[in-house]
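So the structure is just underneath, and the comments pick up after that.
The analysis underlying the following values was restricted to heavy atoms, covering all of them including side chains, and did not include hydrogens, waters or symmetry mates. Just so you know, residue 1 is the first one in the sequence shown, and it goes up from there.
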Amino acid sequence: MKPKDAHLRRVIVDFKKLTPEILALLVEKYPYGYDDDQIISFKNAKNELIEAVEVTTEDTKYLVKVSTKLELTMENYDVDDYEDFDDDDPDAVVDPDLEPGAEDEDFS
């Protein structure tokens, strides 16, 4: 028996490829942030451990890599910041300002 979402296209999304649409879906699904039990861990084709959170549209399951930049961007999300951009524009989501000396931790 196939899982009910077996027909969905699966896409792994790094922060650099995050679009306003995916960001809005993340904030809607995780309005108070995500917990450790909502993080999915898996190995990619290069056998690297990846940690991601999941959001789904009608036809696609997105696995968005967990990072400090993602957390900060979700915390500071304002839909008005993206009104001049297309939903699928990866250049719309800009890197947040990290604390001086802080590095972006890719939790994978």
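Every salt bridge (charged side-chain N to carboxylate O under 4.0 Å, His left out) that Glu54 has, sequence neighbours left out, goes to Lys61. Not counting sequence neighbours, Asp86 has no partner by the side chain to side chain donor-acceptor pair (under 3.5 Å) test. For Asn44, the side chain to side chain donor-acceptor pair (under 3.5 Å) partners are Glu48, not counting sequence neighbours. Every residue two or more places apart in sequence or in another chain that forms a side chain to side chain donor-acceptor pair (under 3.5 Å) with Thr57 is listed here: Asp59. Among residues two or more places apart in sequence or in another chain, the side-chain contact (heavy atoms from CB on, under 4.5 Å) test is passed with Ala92 by Pro20, Tyr82, Phe85, Asp89. For Asp36, the side-chain contact (heavy atoms from CB on, under 4.5 Å) partners at least two apart in sequence or on another chain are Ile39.
With a 4.5 Å cut-off on side-chain heavy atoms, Tyr34 and Leu70 count as touching. Side-chain atoms of Phe15 and Lys65, non-hydrogen and from C-beta on, never get closer than 4.5 Å to each other. Residues Val11 and Leu63 fail the side-chain proximity criterion, which asks for heavy atoms closer than 4.5 Å.
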Go through Leu23 and Met74 one step at a time and tell me if the side chain to side chain contact (heavy atoms under 4.5 Å, CB included) criterion holds.
CA-CA 7 Å; Leu23 179 57; Met74 287 176 65; 4.0 Å; yes

Would Ile50 and Ser41 satisfy side chain to side chain contact (heavy atoms under 4.5 Å, CB included), going step by step from the backbone distance to the final call?
CA-CA 6 Å; Ile50 304 294; Ser41 298; over 6 Å; no

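Under a 3.5 Å cut-off, the side chain of Gln38 and the backbone N or O of Asp35 do form a donor-acceptor pair.
Heavy-atom neighbours of Lys29 NZ from other residues, nucleotides or ligands within 6.0 Å: above the threshold of 12.
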